[in-house]
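The structure appears below as structure tokens.
In listed order, ligands and their atoms are each counted from 1. The shown structure was predicted, so the numbers you read here are calculated from the model rather than taken from an experiment.
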Amino acid sequence: MSHRLPVVVATPAHSGIRGALSYRSESALPPGTLVRVPLGTREVLGVVWDTDLASGLPAGVTEKPIASVLDGLTPLNRAWRGLVDFAANYYQRGMGEVALAALPPQLRDLDTRQLARRLQRKGSGAAASPLGHPPELTSQQRDVLAQMAQAPGPFLLFGATGSGKTEVYLQAVQRVLDGSPEAQALVMVPEINLTPQLMTRFIERFGISQVVAMHSGLTPAQRLRSWLAAHAGSARIVLGTRMAVFASLPGLRLIVVDEEHDPSYKQQEGARYSARDLSVLRGRLESAQVLLGSATPSLESWQACETGRYQRLAMPARVGAGALPQVRLVDMNLQPRRTLLAPALLEAIQERIARGEQSLLFLNRRGYAPVLACSACDWKSNCPHCSAFRVFHKIDRTLRCHHCGHTERVPRACPACGNVDITPVGRGTEQLEEQIADLLAQGPRPVRVARMDADSTRGKGALEAQLAQVHAGDVDVLVGTQMVTKGHDFRRMTLVAAVNPDGALFASDFRAAERLFALLMQAAGRAGRDAAQAGHSQMWVQTWNPAHPLFAALRHHDYPAFASAQLTERRQAGMPPFAFQALVRAEARTQEAAQAFLNAARDAARDLDPSGQITLYAAVPMAMQRIANVERAQLLVESASRPALQRFLQAWQPALQAQREPGLLRWAVDVDPLSV
Ligand code: ADP
Ligand code: ZN
Ligand code: ZN
């Protein structure tokens, strides 16, 4: 007898197929089984789906037989399928697209025999390292863990930088692992950079055989190995970036999301999911505890605590005698023009050098200068393909576009008028490094200045090597982009300075202030982590707007005050988290085509909102209007009700699919967009 089975496969986005396809099989395969099926002229990996989740089987599809079954693998469980189902529906993508993107790519390429061989290969065989002993908990760590034992969560751990959040994660994981031999935990960090340090701590505590990593920096073979270990339950802890939220974890009991406010948790292509939000949902689906942690929570999570949806756990104090750094504002209006660093700041850095301590200078702009300009005419180093300037990199004398990658040698003379006097405008990290080195060169001993940004850490192992140098004390002053402000536990750092953070104060995005505050608090968190030196640790901010309320809150390390002021504004303006948004983004050969598509889609939506709960704004060019010769436009959709917005987007989907616009290249819906 032959069975009819729904199978999800990665169908191309333009096919319009959102649900499962129907295939025939000789045996009744349980949902979650991995199979290979014919699709067009190819054979692809698919997952047998649940009939009740696979609504809308396209009618009239010829039911081809399944080609083969990957029978060495236990089927993906119901909770995992429920997560994929939710994510596909919520983020307006195909079920198969989301499901297949969540599986390691190598699984697609292996046939059943190769897979069987992989499954036989046992672990890495590395000897388990001696297990580290947990330190005695601080009283606030004990309180937090006790509260977690008594309530279901989800929890928001609001803990100052250096308050020992990681130790709370470790012990919360320990507790669930002790609870059952099958139990598993998922721990997420926002960036790959942060995984090595955390991996080390988890391996020291739990042994190397228990922990696997899951992020895009792994080779395909490593990724498959991690995935299989988690799926089989032999790895008890998965540590990874946002993609790890989709790991198959049959024994999942705890999800930790460190630095939960970080924008990196939002996927920016394909299904634009928020791994933080999906964690909370996954916890609910699987009755796993969810622990979100941050010193500067997202306003969404903070508001969820205010309304009782999340439970707030607070750790205001740093471990030991570690004090939070004193915040010093420099009013740049009072400094001579073109001041790089205020004299008082320079002096403070020199004091630290004399004491053998480190300073961190933070500037969110890589390269030497963001623009090169001609002094005789109005030529500037525009990118020919983007609505952006090409950045001057002095090290290899290039002009590089950070959006499309277009790179050229710096011209000898102005390409427009031939004038040889073309000059850098503005300052990036390369220039800061050079100028700081000059400024400090007059001191009694040579000063070691290093730079860390996406350019300096490009090569394999470069980041680790540079971090090791800083940790070893081989650097006196570290210059860097926001890359250096996150997470790192620099023991000898006693001064952090934001050289020029004002740009974000006036950015058009309504989340700019929230982001800047988080960034500065994180940066401040790098200073004074060692109790012995914490007494004189400082965070300096150079600003032309010292009266801005953001800085007043920063000065007192007062996130709650900042959050409360922001939330009041957002409530009055009807902005998230008091409203829910989605963006439709369109890319086309011309701006007109991109906007025409959006406007037609808007017209088609006219009858889809009978109760008037949805606001559709006009199509507008995106802030970065053109990248690599592609014009971009967007349309904002807003509602005070999340379910209403969801219903509307579902109903709108067919109309979006049906729009045809000459010159249109791509479009996508972004639900809960992070920047609008
Ligand atoms: P956070 O993640 O909150 O910024 P960490 O977890 O990195 O803070 O902790 C800061 C420092 O305090 C680390 O060096 C850590 O080893 C140490 N620490 C954490 N908890 C304890 C404790 N209970 N006793 C002693 N040291 C601790
Ligand atoms: Zn010129
Ligand atoms: Zn470009």
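The closest side-chain heavy-atom distance from Ser279 to Met188 is below 4.5 Å. For the pair Phe158/Leu313, no side-chain contact is recorded, criterion being any heavy-atom separation below 4.5 Å from C-beta on.
Taking all heavy atoms of Thr166, Thr138, Thr161 into account, the minimum distance to atom 2 (O) of ligand 1 is reached by Thr166.
Proximity of Arg201 to ligand 1, defined as any heavy-atom pair under 4.0 Å, is confined to the side chain (atoms from C-beta onward). Only side-chain heavy atoms of Pro135 come within less than 4.0 Å of ligand 1; its backbone N, CA, C and O stay farther off.
Here the side chain of Glu357 pairs no donor or acceptor atom with the backbone of Arg352 at under 3.5 angstrom.
In this structure, SG of Cys401 and SG of Cys386 enclose an angle of 110° at the Zn ion (ligand 3), rounded to 10°. Geometry at the Zn ion (ligand 2): SG/Cys374 and SG/Cys377 form an angle of 110°, nearest 10 degrees.
Taking 4.0 Å as the cut-off, Gly162 counts as a neighbour of ligand 1 on heavy-atom distance.
Side-chain rings of Tyr310 and Trp302 stay apart, their centers remaining 6.0 Å or farther from each other.
Between the Zn ion (ligand 3) and Cys404 there is an N/O/S contact shorter than 2.8 Å. Metal site remark for the Zn ion (ligand 3): His406 contributes no N, O or S atom at a distance under 2.8 Å. Residue Cys383 counts as close to the Zn ion (ligand 3), with an N, O or S atom under 2.8 Å. His385 lies apart from the Zn ion (ligand 3) in this respect, since none of its N, O or S atoms is found at a distance under 2.8 Å.
Taken to the nearest 0.5 Å, the OG1 atom of Thr161 stands 8.0 Å off from the NE2 atom of His557. Between the CD atom in Gln466 and the OG atom in Ser456 there is a gap of 4.0 Å [rounded to 0.5 Å]. A distance of 7.0 Å separates CG in Leu360 from CZ in Phe490, rounded to the nearest 0.5 Å.
The pair Glu300-Arg309 does not count as a salt bridge, with every side-chain nitrogen at least 4.0 angstrom from each carboxylate oxygen. Between Arg585 and Asp670 there is a salt bridge, with a side-chain nitrogen of the basic residue lying less than 4.0 Å from a carboxylate oxygen of the acidic one.
Considering backbone and side-chain N/O atoms, Val319 never comes within less than 3.5 Å of an N/O atom of ligand 1.
Interface atoms of ligand 1 facing Glu136, defined by a heavy-atom separation under 4.0 Å, are 22 (C), 23 (N), 24 (N). The ligand atoms of ligand 1 that sit less than 4.0 angstrom from a heavy atom of Leu137 are 23 (N). Set against the non-hydrogen atoms of Ala160, the atoms of ligand 1 under 4.0 Å away are 3 (O).
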